[in-house]
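Written out below as structure tokens is the structure these notes cover.
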Amino acid sequence: MSSSVSALGTLLEEGPGLQAVLLDMDGTLVDTEGCWWQAEREVFAELGHSLREEWRQVVVGGPMARSAGFLIEATKADIGLEEVSRLLNARFVECVARMGQSVPLMPGAGRLLAELAEHGLPAALVSASHRHVVDHMLGSLGNANFACTVAGDELVRTKPHPDPYLTAAEQLGVDPRRCAVLEDTATGVASAEAAGCRVVAVPSVAPIEPAPGRTIVRSLEEVDLAFLRSLRAVAH
């Protein structure tokens, strides 16, 4: 952490370029969106309800309160939001544990993180998942790769509000307009764009529509530091 932050002073002196890279976790860096859907299906099956496949695109990338709340309303399950959230988080961690020692990274994720670290460009992990889930994932992603991490349950408002990315930029001491964000869902993209960041969308489960100032790629294998530095800030 200290080495990334210490490099920030040099980057700030280089002009209006890229100051930091802010990265979503599930579906962007780690291949875990399937685990979330499996956890949701298993928990609601035990409550006596089957989830429709089309609901997956509704809940993907959302904060726990929104996703779990939608599923409770859609199924009419007799359970409270706090209890089902606890069950979903626990079942998700169980699913990840069954993968073994290392959670699979998305294609290009490991190479990109290594490149950012090599060039001393600060990176932040910005997730709608709860802190204990984020900390579990850092064992696979490498805690040293991130100058700071932001979890969904640490904020009053999480994605799609701008708060997560504004919080990460504040912790890094950088201008959000000079940050590049990598996101895999429309919810995350909305959060990053509302914060004024330069956004690269890497769709996973659901498509993301083109929009002015939004860059869409097929995978992180298309993204490197030169690509991120070439992004232009969006005028607001």
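FYI, the numbering just counts along the sequence from 1.
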Exercise: identify the closest heavy-atom pair between [X] and [Y]:
{"X": "Phe92", "Y": "Val133", "result": "CE2-CG1, 3.4 Å"}
{"X": "Leu125", "Y": "Asp24", "result": "CD1-O, 4.0 Å"}
{"X": "Val60", "Y": "Gln57", "result": "CG1-O, 3.5 Å"}
{"X": "Glu33", "Y": "Asp184", "result": "OE2-OD2, 3.2 Å"}
{"X": "Val96", "Y": "Met137", "result": "CG2-CE, 3.5 Å"}
{"X": "Glu115", "Y": "Asp224", "result": "OE1-CB, 3.4 Å"}

Spacing of [atom1] belonging to [X] relative to [atom2] belonging to [Y], to within rounding of 0.5 Å:
{"X": "Thr28", "Y": "Leu220", "atom1": "OG1", "atom2": "CG", "result": "7.0 Å"}
{"X": "Thr32", "Y": "Gln38", "atom1": "OG1", "atom2": "CD", "result": "12.0 Å"}
{"X": "Leu88", "Y": "Phe44", "atom1": "CG", "atom2": "CZ", "result": "6.0 Å"}

More than 12 non-hydrogen atoms from neighbouring residues, nucleotides or ligands closer than 6.0 Å to [atom1] on [X], yes or no?
{"X": "Glu222", "atom1": "CD", "answer": "yes"}
{"X": "Glu73", "atom1": "CD", "answer": "no"}
{"X": "Glu82", "atom1": "CD", "answer": "no"}

Within the side chain of [X], is there an N or O that forms a donor-acceptor pair under 3.5 Å with the backbone of [Y]?
{"X": "Arg178", "Y": "Leu18", "answer": "no"}
{"X": "Asp153", "Y": "Arg131", "answer": "yes"}
{"X": "Gln19", "Y": "Asp175", "answer": "yes"}
{"X": "Ser127", "Y": "Val134", "answer": "no"}
{"X": "Asn145", "Y": "Leu141", "answer": "yes"}
{"X": "Arg177", "Y": "Gly196", "answer": "no"}
{"X": "Lys159", "Y": "Val126", "answer": "yes"}
{"X": "Arg91", "Y": "Arg86", "answer": "no"}

Verify whether one side chain among [X] and [Y] offers a donor that lies under 3.5 Å from an acceptor in the other.
{"X": "Thr158", "Y": "Asp163", "answer": "no"}
{"X": "Arg41", "Y": "Ser50", "answer": "no"}
{"X": "Tyr165", "Y": "Glu183", "answer": "yes"}

Taking [Y] as the starting point, is it possible to reach [X] by hopping between hydrophobic residues whose side chains are less than 4.5 Å apart?
{"X": "Met106", "Y": "Val217", "answer": "no"}
{"X": "Met25", "Y": "Leu113", "answer": "yes"}
{"X": "Val205", "Y": "Val59", "answer": "no"}
{"X": "Ile72", "Y": "Trp36", "answer": "yes"}
{"X": "Phe146", "Y": "Val223", "answer": "yes"}

Requested in this report: Tell me, with the steps shown, if Arg66 and Thr187 meet side-chain hydrogen bond (donor to acceptor under 3.5 Å, both in side chains).
Outcome: CA-CA 11 Å; Arg66 192 201 73 183; Thr187 299; 3.0 Å; yes
Query raised in the report: Got Leu105 and Asp31 here, is their nearest side-chain heavy-atom distance under 4.5 Å?
Result: no
**Report entry** N-O pairing of Glu118 and Arg111 below 4.0 Å
**Finding:** no
Query raised in the report: Quick one: which of Ile208, Val200, Leu182, Val181 gives a side chain to side chain contact (heavy atoms under 4.5 Å, CB included) with Val189?
Result: Ile208
Query raised in the report: Between Cys95 and Cys35, is the SG gap short of 2.5 Å?
Result: yes
